[in-house]
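The block underneath contains the structure these notes are about, expressed in structure tokens.
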Amino acid sequence: MTDEELAKDLGPLAALTIGIGTMIGAGIFVLPGAAVQQAGPLSAAAFVLGGVIALLTAMSASELGTAMPKSGGAYYYINHALGPLFGSVAGWGNWMGLAFASAFYMTGFGQYVVTFLPIPSLVLGGVTVSAVKLVALAGGLLFVFINYVGAKETGKLQNAIVLILLAILAVFTVFGLLNADLAKLRPFVPPDKGVSPLLPVTGLIFVSYLGFVQITSVAEEIKNPGKNLPRAVLGSVVIVTLVYALVLLTVLAAVDNSLVAGNETAVVDVARLLIGPVGAGAMLFGGLLATASSANASILASSRINFAMGRDRIVSTALNEIHPRFGTPYRSIAITGGFILLFILLADVNTLANAGSVLHLIIYGLLNVSLIVMRVSDPEDYQPDYRVPLYPFVPILGAITSFALIAFFANTIVLLAAGFVVFAMVWYAAYARTKATKQGILGKYLLQQSEQLPDAAVSAATSVQPDGGYRVMVPLSNPESERDLISLAGAVTKANDGTLVGVHIVKVPDQTALESAREEYDFAEADRLLEQARVDADELGVDMETHTVLSHRSFEEVFDAAETYNADLVVMGWGPDSHGSPGRAESAYEEITHALPYDVLVLKDRGFDPSHVLVPTAGGPDSDLSASIASVLREFCDAEIELLHVAEDRDVGERFLREWADERGLGDATLTVETGDVERAIESHATDASLLVVGATERGLLSRLVSGTVVMDVVDDVECSVLLAERSRSRSIRERLFG
């Protein structure tokens with residue numbers, strides 16, 4: 001299989017910048033007005049409390065990130081540890097949470113723009129769209145477009161944006177300190193409310209701490225990730241928390257609280273008062289920059305979440321299709337953009353912030369639970385370079401605080417969060433469970449401990465395991481036979497409501513490293529072959545995924561790929577040189593001496609025409625597979641079926657064939673019984689057939705193909721195409737090799 005390695009070109013500062021860049025700015029530029037209105041100076045404590053809760057989760061994310069450096073971040077960890085049921089909750093929550101956050105950032109962007117541009121509201125059909133929302137919609141469209149066409153410069157600007165924002169906030173804070181009067185911070189706790197606003201305000205501003213987990217998504221690219229990744233994750237949370245708290249305290253100590261409370265662009269007005277028009281302009285510029293960069297980062301991150309969900313088949317892989325010109329996952333970005341615009345239209349800024357916060361709190365709670373599951377189950381490949389201190393208290397506290405904070409949101413927000421969780425679970429049950437193949441560590445652990453656990457726990461773990469759906473894999477190498485193989489495999493896939501998997505194996509000489517081949521080879525021919533296969537599958541109305549695999553082997557790699565892609569059936573072509581042994585130590589015999597967990601169909605293609613299908617049978621599991629394939633061809637290709645049985649006694653043979661056909665739903669097929677030589681009878685009746693379907697009988701089909709000792713002479717003697725069928729079953733080494 002291809003082994004892709006990413007260069008570790010991110011130093012500790014670059015990694016730290018990613019975390020700070022996705023968090024800094026929007027929270028302090030947009031939310032102080034609403035926070036101070038509810039809690040006065042106590043709102044500064046809410047920013048600190050939010051940072052502490054984020055820090056607990058940041059520790060868990062750091063450990064999981066050093067152990068599992070994979071794209072998808074928090075979603076990947078939860079799906080891997082807790083299984084695809086919770087993976088669906090995390091994936092949808094993360095996706096929609098980022099969409100809500102982007103809508104929040106864009107609405108904040110609109111608030112800043114209308115402070116210096118007199119934009120009128122728009123009335124459509126009696127519905128008024130405010131100037132803020134108009135700007136937010138335009139900004140949202142702009143950033144969705146930028147991500148759609150994949151402007152490379154947006155990523156390069158991130159470092160500069162972070163430095164500019166920190167500089168603006170630093171100057172602002174200095175002026176605030178010069179004018180600070182601690183008396184203005186008193187009473188720190190609102191006398192009429194007490195500390196009751198603390199937790200609701202913490203929930204409101206928690207949208208300011210959504211970015212640190214993004215660092216774990218690039219863990220593979222960080223130098224010395226065992227040290228630098230935790231430093232970047234934890235450092236970014238600490239720095240942003242201090243900046244937020246310090247800026248807010250300075251503002252409230254420098255001006256009267258009434259200037260901030262309820263003011264949507266409070267920091268601009270405070271800067272105008274403290275520094276003058278230049279300060280107000282700088283803060284206005286900072287607000288625009290912060291909201292725009294945060295929105296852009298959220299839209300960018302959402303495509304990574306979609307990619308990871310599609311990879312695990314939680315959603316359709318069609319979302320991850322790359323635009324042929326721009327090289328971006330345009331469908332994913334377009335759908336995310338649609339959600340963002342819808343959310344902008346329907347919700348106010350506080351609702352957007354709360355919705356983004358509450359969905360991420362669910363994810364952070366599950367993230368902490370995931371760490372506990374990984375520690376308890378202790379799988380062999382779980383080897384983190386960083387371990388959370390004071391385990392298990394830190395992840396338990398992180399999970400409790402994350403989930404508990406949800407209770408302090410408004411009832412409508414809690415209902416919204418509950419609705420998303422229910423939707424994600426229903427989505428898994430109705431769609432993803434039949435397609436997802438990855439089993440979570442928790443499910444494996446519970447099933448391994450089934451004898452010690454209550455039956456109810458084992459039953460629950462079993463009932464939510466992924467089903468994976470029926471998957472038919474087709475190794476493709478010859479353009480001339482591609483359509484025939486896809487037609488055959490597509491019919492079986494359609495009959496089972498499954499997924500077709502096209503695999504093209506590129507054989508690389510032993511002297512060439514696979515990584516080198518990946519960089520140097522021209523894959524245009526492979527791309528054309530797989531693209532044509534997708535077109536043909538689409539005409540059949542069948543879902544298809546495709547893979548190109550580089551390997552030093554060819555025929556043997558088919559079996560590895562079948563297991564990798566969880567095939568239930570492999571449909572392969574058969575030519576004179578199709579399955580030659582490459583002379584390596586791991587020969588084809590290595591593969592066939594193991595029990596194959598899938599059925600195999602091998603087509604000797606002389607033109608795929610299923611109009612008249614002849615199925616000789618002597619009973620047995622391979623003939624059962626032949627019968628099921630014949631039924632599929634009759635249903636989807638209008639095939640005429642003829643069953644043939646050769647017996648010593650005609651009456652006995654007729655009774656056997658009638659019962660055999662009825663039991664397999666082929667009682668209305670043409671039933672033919674012959675006596676005498678088997679191969680001669682098959683050859684005779686194959687004269688009028690367009691396709692001969694032959695079970696592997698008691699001898700292993702694959703062993704005879706590989707050894708070249710092949711099969712029955714009849715396969716070569718008939719003029720029609722021949723389909724050889726071997727059903728998956730356990731068989732000893734001797735039986736596989738020698739029959």
Side-chain angles (χ1 to χ4, degrees), residues 10-29 31-32 35 43-66 73-74 158-159 161-163 165-170 172-174 177 198 201-202 205-219 222 224-251 290 293-294 297 357 360-361 363-364 367-368 371 384-391 393-395 397-399 401-402 405:
L10 290 176
L13 183 59
L16 183 69
T17 304
I18 291 172
I20 296 176
T22 50
M23 290 188 284
I24 194 72
I28 199 65
F29 281 99
L31 291 174
S43 55
F47 274 99
V48 175
L49 180 58
V52 171
I53 294 173
L55 192 62
L56 294 171
T57 302
M59 293 184 194
S60 296
S62 297
E63 176 170 328
L64 294 168
T66 60
Q158 192 69 11
N159 288 351
I161 291 173
V162 170
L163 293 176
L165 287 174
L166 287 177
I168 291 173
L169 290 172
F172 180 67
T173 304
V174 169
L177 288 173
L198 177 62
V201 173
T202 302
I205 59 86
F206 199 76
V207 72
S208 309
Y209 295 98
L210 301 190
F212 62 88
V213 178
Q214 299 307 323
I215 300 174
T216 62
S217 296
V218 294
I222 297 176
N224 193 4
K227 290 184 178 179
N228 290 330
L229 188 142
R231 289 173 179 172
V233 173
L234 302 179
S236 63
V237 174
V238 170
I239 291 173
V240 169
T241 302
L242 292 176
V243 169
Y244 281 161
L246 186 59
V247 168
L248 192 55
L249 280 175
T250 302
V251 166
S293 67
S294 295
S357 293
H360 278 83
L361 282 168
I363 296 166
Y364 290 172
L367 188 72
N368 285 289
L371 174 68
D385 292 322
Y386 166 84
R387 287 183 175 269
V388 171
L390 302 176
Y391 174 86
F393 301 106
V394 168
L397 191 59
T401 53
S402 296
L405 192 56

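Here, residue 1 is the first one in the sequence, and each next residue gets the next number.
- His360 and Tyr364 have perpendicular rings, their planes meeting at more than 60° on a 0 to 90° scale where under 30° would count as parallel.
- Here the closest heavy-atom approach between residue Val394 and residue Pro389 is recorded as CG2-O, 3.1 Å.
- Every residue two or more places apart in sequence or in another chain that forms a side chain to side chain contact (heavy atoms under 4.5 Å, CB included) with Thr66 is listed here: Leu229, Pro230, Pro384, Asp385, Tyr386.
- With contacts defined as side-chain heavy-atom distances shorter than 4.5 Å, the pair Ile363/Val213 does not qualify.
- Within the 4.5 Å cutoff, the side chain of Phe212 has no heavy atoms near those of the Leu55 side chain.
- At a threshold of 4.5 Å between non-hydrogen side-chain atoms, the residues Phe29 and Leu169 count as touching.
- Contact detail for Pro395 and Val388: the closest heavy-atom pair is CD-CG1, 4.1 Å.
- Here Ile205 contributes atom CD1 and Leu31 contributes atom CG; the two are 8.0 Å apart, rounded to the nearest 0.5 Å.
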Quick one, Leu371 with Leu367, criterion side chain to side chain contact (heavy atoms under 4.5 Å, CB included). Give me CA distance, side-chain angles, the key distance, then yes/no. CA-CA 7 Å; Leu371 174 68; Leu367 188 72; over 6 Å; no
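- From Leu56, atom CG reaches atom OG of Ser402 across 7.5 Å, with rounding to the nearest 0.5 Å.
- Residues passing the side-chain hydrogen bond (donor to acceptor under 3.5 Å, both in side chains) test with Thr57, sequence neighbours excluded: Asn368.
- In this structure, Met59 and Leu234 have side chains that are in contact, with non-hydrogen atoms separated by less than 4.5 Å.
- One distance of note links CZ of Phe47 with CG of Leu248; it measures 6.0 Å at 0.5 Å rounding.
- Tested against Met23, the residues Thr241, Val240, Val207 include a single side-chain contact (heavy atoms from CB on, under 4.5 Å) partner, Val240.
- Sorted by first and then second residue, the pairs that involve residues 48-66 and meet salt bridge (charged side-chain N to carboxylate O under 4.0 Å, His left out), not counting sequence neighbours, are Glu63-Arg375.
- With contacts defined as side-chain heavy-atom distances shorter than 4.5 Å, the pair Leu246/Leu249 does not qualify.
- Side chains of Ile28 and Val243 form no contact here, defined as non-hydrogen atoms less than 4.5 Å apart.
- Under the 4.5 Å side-chain criterion, counting only non-hydrogen atoms from C-beta, Pro32 is not in contact with Val251.
- From Thr202, atom OG1 reaches atom CG of Leu49 across 4.0 Å, with rounding to the nearest 0.5 Å.
- Side chain of Ser236 to backbone of Ile20: no donor-acceptor contact under 3.5 angstrom is found.
- Shown here for Phe206 and Ala54, the closest heavy-atom pair between the two residues is CE1-N, 4.2 Å.
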